[in-house]
Amino acid sequence: MPWYLRWAFSANVLFKGYFCGESVVMMGAVKKSGLRAVAILAALIVAVVAVVALALGAVLSGWKVADGQVVAPYQLRHPDASGEVFEQDGQEYFEPAYGLMAEPVSGVGALGAPPVLNLTPTPVQCTGEALGEVTPAPGSWVVPSLSDGAGGYATGYFTDGLFSDGIPSAPGGLLSALSAPLGTVGKASVLAGHVNMDYPDDRLSSWGLLHYIDVCAHVYITDGAGVTREYQVIVIDTIEQALTETDPGLWGSVEVTPDVWARYGADELVWLLTCSGAFVGDSGVGNTFLFPYTDNLLVGLVPVGS
């Protein structure tokens, strides 16, 4: 074969071989690029499905977004809570675990007091005898049948003073100077304390635990002079804040009529008072009596054996 034909043939082979090889390389790159795109797309789909499933699961399990905040279910933050729902003052709340404030079902807004466990608005006649179980320190009360949630007894403290001057932080409280001293015959003594511990603690105070007290439970109160008196619970009731300061059955500054005393079957009466119902803050709704809740809990006591 002439040299020029051999040269042309060699060049043609080289030309075809080069471009065929490049073609194979290019086709392989295209295939690899396509597979990579499919993998990325599949990963994105899996991620989207996972996010949707997570969001759906969160919603179904109680997680929610409210006021721009992600709110975990009450049961997750308080595993020992019953999770049951109750309504008070037009709002739904989760029933708290013992010793905790109630929380709005919505997950946002203010805490509330728990429901009154043993509401007894009509005075009962208790037949118990003096037990002499405890002797509280001066200026305190103790309910041996009511747990403090930590292995002890519910215990509250008090000094004499005016509610209008402010009530000490719980478990402190006041014996109202407008009411009668403990042991007074013919007039009522009124002691009050805050329903919960200081913010941000969402525990009930000893006063707040009175929402769980039993009728005819024994309550021991020692006054500032160190004299201990034993009482029993005959009334467990609530009253609107707006009516608290005008109720003649509460205050020693107002003589209680014989008809009122006849309801209690005794001539000595003590009221333990704390907030109840929904928190209303400074809205002016329900908080005319110094405290920012819709209602007050009233626990009425008479001397044991009365």
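All residue numbers refer to positions in the sequence shown, counting from 1.
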- How does the hydrophobic cluster around V142 look, that is, which other residues are in it when side-chain heavy atoms under 4.5 Å mark a link?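 Once heavy-atom contacts under 4.5 Å are chained together, V142 belongs with L131, V134, Y153, Y220.
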- How is the hydrophobic cluster of Y157 composed, in terms of its other members, when Ile, Leu, Val, Met, Phe, Trp and Tyr link through side-chain heavy atoms under 4.5 Å apart, directly or indirectly?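 Its cluster partners, ordered by chain and number, are none at all.
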Just wondering, do [Y] and [X] contact through their side chains at under 4.5 Å, heavy atoms?
X    : Y    : answer
L298 : V235 : no
N196 : L111 : no
L301 : L269 : no

Single-linkage hydrophobic cluster [X]~[Y], side-chain heavy atoms < 4.5 angstrom:
X    : Y    : result
M101 : L117 : yes
V124 : L146 : yes
Y264 : I239 : yes
I234 : V304 : no

Which atom names give the shortest non-hydrogen contact between [X] and [Y], and what distance separates them?
X    : Y    : value
L119 : T238 : CD1-N, 4.3 Å
P168 : L174 : CD-CG, 3.8 Å
D198 : S169 : OD2-OG, 2.9 Å
F94  : P104 : CD1-O, 4.3 Å

Taking side chain to side chain contact (heavy atoms under 4.5 Å, CB included) as the test, write out the residues that go with [X], two or more places apart.
X    : answer
R229 : L182, D223, V227, Y231, E268
T184 : A180, P181, K187
A102 : F86, Y93, P96

Between [X] (side chain only) and [Y] (backbone N and O only), is there a donor and an acceptor less than 3.5 Å apart?
X    : Y    : answer
S205 : V195 : yes
S179 : S189 : no
Q241 : D295 : yes
S176 : L162 : no
T274 : L297 : no
S206 : T155 : yes

Working to the nearest 0.5 angstrom, can you tell me the gap between [X] [atom1] and [Y] [atom2]?
X    : Y    : atom1 : atom2 : answer
D160 : L175 : CG    : CG    : 4.5 Å
L191 : W141 : CG    : CH2   : 9.5 Å
N296 : W271 : CG    : CH2   : 11.5 Å
I221 : S140 : CD1   : OG    : 9.5 Å
H194 : L204 : NE2   : CG    : 14.0 Å

For residues 207-219, tabulate all N or O donor-acceptor pairs below 3.5 Å that involve a side-chain atom, not counting sequence neighbours.
{"from": "W207", "atom 1": "NE1", "to": "P171", "atom 2": "O", "distance (Å)": "3.1"}
{"from": "W207", "atom 1": "NE1", "to": "G172", "atom 2": "O", "distance (Å)": "3.3"}
{"from": "H211", "atom 1": "ND1", "to": "G208", "atom 2": "O", "distance (Å)": "2.8"}
{"from": "H211", "atom 1": "NE2", "to": "S276", "atom 2": "OG", "distance (Å)": "3.0"}
{"from": "D214", "atom 1": "OD1", "to": "N118", "atom 2": "ND2", "distance (Å)": "2.9"}
{"from": "H218", "atom 1": "ND1", "to": "E230", "atom 2": "OE2", "distance (Å)": "2.7"}
{"from": "H218", "atom 1": "NE2", "to": "Q232", "atom 2": "NE2", "distance (Å)": "3.3"}

- Task: Could you tell me whether E133 atom CD has more than 12 heavy atoms of other residues or ligands within 6.0 Å of it?
- Result: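 For E133, atom CD is crowded (more than 12 foreign heavy atoms under 6.0 Å).
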